[in-house]
Amino acid sequence: MDIRTLRTLIAIGTALATFPALAADPPILIGASITQSPPGSVVQGTQVKDGMEILKDMVNAKGGILGRQVKVLYEDNQGIPEKGRAATEKLITNDKVVALAGGHQSSVCLAEIEVAHRYKVPYVNTNCWSDDVRKRGYPEVFNTSPYNTLVSSSMATTLAAMGVKKVVAFAENTDYGIGQAKLTGELLKQKAPNIDYKYETLDRSSKDFTAVMLPLRANPPDVIVMSMLPPAAYIVMNQAYEQGVAPSAKTLLYDGGGLVDYPDFWQNVKEGGKHLLSFALYHPAMPQTQLAKDIAAEYKKRTGADINRLVLQAADSLHLVLEGIKSAKSTEPDKLAQAMRTMKFDSLRGVSNFSTKEGFGYQQWLDIPYVNYEVTEIKQPVGQTVMLQAPGQKFDTSKIVRPK
Amino acid sequence: MIGPGPLWRDRLAFDMRIAVLVCVVLAVLPLVVQGPYAQGIILVSVYFAILSLAWNALAGYTGQFSLAPAAFAMLGGYTTALLDFYLKVPLFIGIPAAIISTALFGLVLGKLVLRLSGPYLSLTTLAFAEIARVVVGNSHEFTRGDQGMHVATLTDSRLGYYYIFLAALVVVLVLLYAMLRSKLGRFMTAVRDDPVGAESRGINVVRVKMIVFCISCALCGLAGSLYGTFSQLVSPELGLLQQTGLVLSMVVIGGMASLTGSIVGALLVYLGSEWLRSFGNWQVIVFALLVILFARYVPGGLWGLMLDRLKGKRA
């Protein structure tokens, strides 16, 4: 082989080697503005990222979408609306993401959807419960997240079914807490006007709630409803237990925030968590698609923990975007939004159709499945809790186990 | 260009010339820096520059350390938002109303605290800032609590907003320059350098502090109000102590008692904070360390450093 032939072969080899790299399409970029540092909820941000990463890896392992790999770009918004606004703008205008998913704090979502609306880029709300996110009526915003009206309505129905007479709600001083407690009260007026209901607003940064516990010792309600998030919720639960207020033979504790789902729940709450009734968006007994089961297995493999509703919600948000791209056969934001609006979406938690009615139901998956269960043992896995209300079933009050 | 002269008036004039030069650079920057995200970052830096100038007028030139600039910006933002939300008051009235309301808040707070000195003023304004934020956050029925309030916008054009903020910065700059050149400016520095001496020479120290405090609060209110219309949302997070911390670090790094220092400090710190966003709260540690280092080794900030270099060259 002479030197000329060798050179030619090297040139051909180099060209062949670089060809796939040149021919490969760039990845599809999806943006996620999440909380990765305080003062926002880092626990939530981590779970959202976990859910999206697992699904993304699974999709990429199967060849991606439209022959392209999927990449999720994360930006830390610290749970601050201004940071969320800037992060969303960066993702859209600098990084050129085709859609956004992962939003998980209402005040931040409200800032971010303004940007998504301005640039007409699809935005999937993963866990912003405030009804106001829907009430803006932005056609780019899709809501797979639970919403306050759903939770309050379910809780009011449950309380009515329990036949209780007096209910006190502890609401943290946030839109979530006060919004949920107020709405529950309004719905109770319709469903069970005979229930004496009031709510106490508690400062989420406070460490001592003795002042609100003491009157309840003298005059205990039948149920204390918790519209609070960690860490304040843990402190309230521990103090309610230590003061002998709830859970007790007289007073049940009913949580509307999915506290048991938090990975640090049992580290912070011991006896006080026993006999907690919980409205929940995830239970292993709920119907799940094979993909959801695969994600749960992968989550267990990666973190050693059981999957929870937020990880699934996050995966579902990304799943919606990817299914939308498949359906639209395009990553153009307007075509993608149109596909997401009209396609039949097989979500991880059941088939979801987006409502078009104005108000809290705008582009919202209305029939998000939920359950009610009771934790009867410390560190009890969710799958072993007592199911009080299976999805689509009525609340069974006879199954409630009261503390002795 | 004429270097900094030995007289206060000359130094101020030199400072103003450089500050105007920075504004000119900012004005032509959109020709180079394009894209709404990058322009948005510089725009928010200009918002912080106005806050820094307002705080510097009080702390740098008058020696009064308030810890509430972000809280007054939040109050300004909420004034415009509440007027817009409940009364549909147009923004050309809502923005001036924010200036007036924050000046009045400043007047009331000033009456209570400006007779205090040393750490007491800082502690009282710190308490006010936290109380204001908690009250706004807890008044769910009125302010919609932590989810914030939607605010109308002045324009949908990013470039339009950029120049609105820049115009506001220039107006604030000119106002402060005029104020510092006037008799009030000399009284301010006298109060800062020797309040007892100033009092003995017939200067009404409390009155001077009060005027500057009200003006500083009003400027913060203007910044907060404009910012609310830009982001179309005001929330209690606007008044976080962390935001005040950013303003303080901007002034310390840029240079106390300097117009240019406030602007340059705001630009550098905010751009740095955005650049360091992926490092989460490490950015707070980075800026805190920078503030400590500057306060210890470069008390005049970058502006002081530049003046020293110019002096060295001249010598």
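So you know, we letter chains A, B, ... as the sequences are listed, proteins then strands, and number each from 1.
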Just verifying a value: how many Å separate L276(B) CG and D76(A) CG, rounded to the nearest 0.5 Å? 12.0 Å
Heavy atoms under 4.5 Å from chain B: which residues of residues 91-100 of chain A carry them? T93(A), N94(A)
Shortest non-hydrogen contact from Y199(A) toward E141(B): OH-OE2, 4.2 Å
Taking only residues two or more places apart in sequence, or in another chain, which ones meet C217(B) in a disulfide (SG to SG under 2.5 Å)? none
Given heavy-atom pairs under 4.5 angstrom as the criterion, report whether the side chain, backbone, both or neither of S231(B) touches chain A. both
Using a 3.5 Å cut-off and no angle test, enumerate the donor-acceptor pairs between side-chain atoms of residues 45-53 of chain A and protein atoms at least two apart in sequence or in another chain.
residue: T46(A); atom: OG1; partner: V42(A); partner atom: O; Å: 2.7
residue: E53(A); atom: OE1; partner: K56(A); partner atom: NZ; Å: 3.2
residue: E53(A); atom: OE2; partner: Y74(A); partner atom: OH; Å: 2.8

Above 12 or not: heavy atoms from other molecules or residues under 6.0 Å from NZ of K120(A)? yes
Closest non-hydrogen atom pair, P36(B) against E89(A): O-OE1, 3.8 Å
Side chain to side chain contact (heavy atoms under 4.5 Å, CB included) between L240(B) and I80(A): does it pass, once the steps are laid out? CA-CA 10 Å; L240(B) 275 177; I80(A) 296 174; 4.1 Å; yes
Are more than 12 heavy atoms from other residues, nucleotides or ligands located less than 6.0 Å from atom CZ of F105(B)? no
Tightest non-hydrogen contact, residues G79(A) and E237(B), listed as O-OE2, 4.0 Å
Which answer fits K83(A), side chain, backbone, both or neither, if we ask what part of it has an atom under 4.5 Å from a heavy atom of chain B? both
Answer whether the closest heavy-atom distance between the side chains of V44(B) and R85(A) falls below 4.5 Å. yes
Given heavy-atom pairs under 4.5 angstrom as the criterion, report whether the side chain, backbone, both or neither of E114(A) touches chain B. side chain
Are Q232(B) and H117(A) close enough that some pair of their side-chain heavy atoms sits under 4.5 Å apart? no
Evaluate E82(A) against Q243(B) for side chain to side chain contact (heavy atoms under 4.5 Å, CB included), listing each step before the verdict. CA-CA 11 Å; E82(A) 155 52 24; Q243(B) 302 279 304; 5.9 Å; no
Contact class of S106(A) relative to chain B, heavy atoms under 4.5 angstrom: neither
Winner by heavy-atom pair count (cut-off under 4.5 Å) against chain A, out of I41(B), D156(B), L233(B), V134(B): L233(B)
To the nearest 0.5 Å, what is the distance between CZ (R144(B)) and OG (S107(A))? 12.5 Å
So which pairs with a foot in residues 100-146 of chain A pass disulfide bond (SG atoms under 2.5 Å apart), sequence neighbours left out? C109(A)-C128(A)
